[in-house]
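Single-structure report; data block below.
Below, all heavy atoms of this structure are taken into account, side chains as well, without hydrogens, waters or symmetry copies. All values reported here derive from a predicted model rather than from experimental measurement.
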Amino acid sequence: MTLKIDRSRSRLSATFEALWYAGSKDLGTRLLSGLLLPWSIPTALISRHRRQQIQSAKRERRERRESSGNQKTGGSVAAIENLLSRPGHAPPAAGQQGLNPSDPPVVIVGNLLAGGTGKTPVVVAIARALQARGWKTGLLARGVGAASHQAQAFLAPPDYQRAGDEAALMARNAACPIATGRDRSKALQTLLAAAPATQVVISDDGLQHRGLHRDLELILFDERGLGNGRLLPAGPLREAAANGLEADAVLLRDQAKDPIGHPRKFRVQTQFLGWWALDTPDRLLRDAELAHWTEGRRTLAISGIARPERFFDRLLALGLTFDAIALADHAPIDQAWLAGLPAECILMTEKDAVKCEQSADPRIRVLRIETVIPSSLIDFIEERLCGRPTA
């Protein structure tokens, strides 16, 4: 594999990745980490104060919901338990849950690390599973790469230029309303104004956003764990690892280990479904068919995700020969540049493909993946949404 780093992909970012995760014994790396350590003190102070505010608001919100639920149901949860035990049940009405219909519960899927851990497909999987059980679900995302940073809602899958690549992909794959915006609380208000029937909201990140109220926090870990265990910028942590124990549960991606020892954990698995062409998205090629298609032909792999090496490693595991182009996360893809690439085959992720669909380039094949989540995770979420404690 020949790797090319696009100019938009910062060398500084690559340096920090090596510093945080490589575990290098190189003297220069150790010295740099030591020099950056004092700069982690502000991160520690700010994140500690922010976490205290978030936890306080979360407790107050839970107490209000429980109090409201007791008043409306006479303190009994038997009806809800009976409802949840029925196959194909519908979610309880807002009054049964002690919820205000205009104030649905918010579930945050976040991470302690700076950068991506693969939250987006997990959010999609949770949203689809809740919808399958009858919940009217809405999504929140920051909308990186969107034309506007202001809060905006979409009832149908938006164009990536309006909503950003991840938000466009999430809305399409989850098939539910989505709102984007730098201010998550305003995005939530915008979503509920556009889709007032929403019963539960899933937020892609926002874990450290103290302006966004939440009822349930799920923290996702990948194989990197906590990296070197230090706070930004000496390490990858946005807040102290111990704060993760205050979340409701942790999600472990594929073979990841739980680095904080949380008492409640669920494992989620990445599933590779196949490869599709821009003009035939419903027809999937198996890995063997893709390998045959690229054999003897000049192949380029393009990846503009948080960790492009994940995509490239997947191709290497298939035994493919290709040149790799690593773009910055959320980087735009110029259509003229794409058309001029000297390749017979171009491979990319779905997150990149949403920016190329108008080109209908016949050389492009796109990897489709999904995250498989256990039914026990959805059971747990429903129990918490209904105000019922879990063991």
Side-chain angles (χ1 to χ4, degrees), residues 3-55 108-120 142 144-145 149 166 182 184 204-212 217 219-247 250-253 256-262 303-313 326-331:
L3 177 64
K4 298 180 181 178
I5 305 295
D6 185 79
R7 290 180 180 179
S8 62
R9 184 166 177 79
S10 171
R11 292 183 178 179
L12 182 61
S13 175
T15 299
F16 277 116
E17 285 282 322
L19 174 68
W20 295 340
Y21 301 112
S24 174
K25 297 181 180 180
D26 178 73
L27 179 60
T29 301
R30 295 203 305 272
L31 287 175
L32 178 59
S33 180
L35 289 173
L36 290 174
L37 197 55
W39 294 97
S40 296
I41 296 176
T43 302
L45 297 175
I46 293 172
S47 64
R48 182 186 306 161
H49 178 63
R50 182 170 53 204
R51 177 50 55 181
Q52 289 172 347
Q53 291 180 309
I54 288 173
Q55 288 301 112
I108 290 181
V109 180
N111 51 259
L112 298 181
L113 304 182
T117 54
K119 296 183 299 297
T120 299
R142 183 172 182 180
V144 178
H149 294 303
E166 279 184 346
R182 184 171 290 174
R184 297 295 181 105
D204 184 351
D205 212 355
L207 184 67
Q208 288 81 24
H209 197 312
R210 58 186 170 187
L212 177 63
E217 292 178 316
I219 297 181
L220 178 64
F221 288 106
D222 61 14
E223 73 282 357
R224 296 173 298 171
L226 300 174
N228 64 10
R230 293 179 173 179
L231 293 168
L232 290 168
L237 294 180
R238 299 176 178 180
E239 55 182 312
N243 291 354
L245 295 174
E246 297 179 345
V250 300
L251 309 179
L252 304 176
R253 177 174 174 173
K257 298 179 181 179
D258 178 9
I260 61 174
H262 198 284
S303 182
I305 61 178
R307 297 188 61 202
E309 65 275 9
R310 276 183 170 161
F311 180 60
F312 301 144
D313 289 344
L327 303 176
D329 194 15
H330 307 289

CZ-CG distance between Arg253 and Leu220, expressed to the nearest 0.5 angstrom | 7.0 Å

Starting at NE2 of His49, measure out to CD of Gln53 and round the result to the nearest 0.5 Å.
-> 3.5 Å

Distance col, row Leu212:CG vs Ile108:CD1, nearest 0.5 angstrom, shows 4.5 Å

Find the distance between CD1 (Ile41) and CD1 (Ile46) and round it off to the nearest 0.5 Å.
-> 12.0 Å

On a heavy-atom basis, the closest approach of Ser47 and Ala240 is OG-N, 4.4 Å

Do you know which two heavy atoms are closest between Leu113 and Arg238, and how far apart they sit?
-> O-NE, 3.1 Å

Is the shortest distance from a Lys or Arg side-chain nitrogen in Arg310 or Glu223 to a carboxylate oxygen in the other one below 4.0 Å?
-> yes

Determine yes or no for a side-chain-to-main-chain donor-acceptor pair under 3.5 angstrom, with His262 supplying the side chain and Ile219 the backbone.
-> no

Minimum heavy-atom distance between Ala247 and Glu217, given as atom pair plus value | CB-O, 3.7 Å

Does a salt bridge link Arg210 with Glu239, judged by any charged N lying under 4.0 Å from a carboxylate O?
-> no

Hey, are Thr117 and Asp222 close enough side-chain-wise for a donor-acceptor pair under 3.5 Å?
-> no

Indicate yes or no for a side-chain donor-acceptor contact from Trp20 to the backbone of Pro233 under 3.5 Å, with no hydrogens or angles considered.
-> yes

Any side-chain heavy-atom pair of Ile54 and Leu207 under 4.5 Å | no

Where is the tightest heavy-atom contact between Leu35 and Trp39, given as atom of each residue plus distance?
-> O-CD1, 3.7 Å

Show your reasoning for whether side chain to side chain contact (heavy atoms under 4.5 Å, CB included) applies to Asp205 and Val109.
-> CA-CA 5 Å; Asp205 212 355; Val109 180; over 6 Å; no

Value rounded to 0.5 Å, distance of NE2 in His209 from CZ in Arg184 = 6.5 Å

Determine the minimum heavy-atom distance between Ala241 and Leu226, stating which atoms define it.
-> CB-CD1, 3.6 Å

Below 4.5 Å, heavy atoms only, C-beta onward: do Pro236 and Asn228 meet side chain to side chain?
-> yes

All heavy atoms of Thr43 vs all of Leu237, minimum pair found to be CG2-O, 4.3 Å

Just wondering, do Asp258 and Ile260 contact through their side chains at under 4.5 Å, heavy atoms?
-> yes

side-chain contact (heavy atoms from CB on, under 4.5 Å) test vs Val144 passes for just one of Glu166, His330, His149, Arg182, namely His330

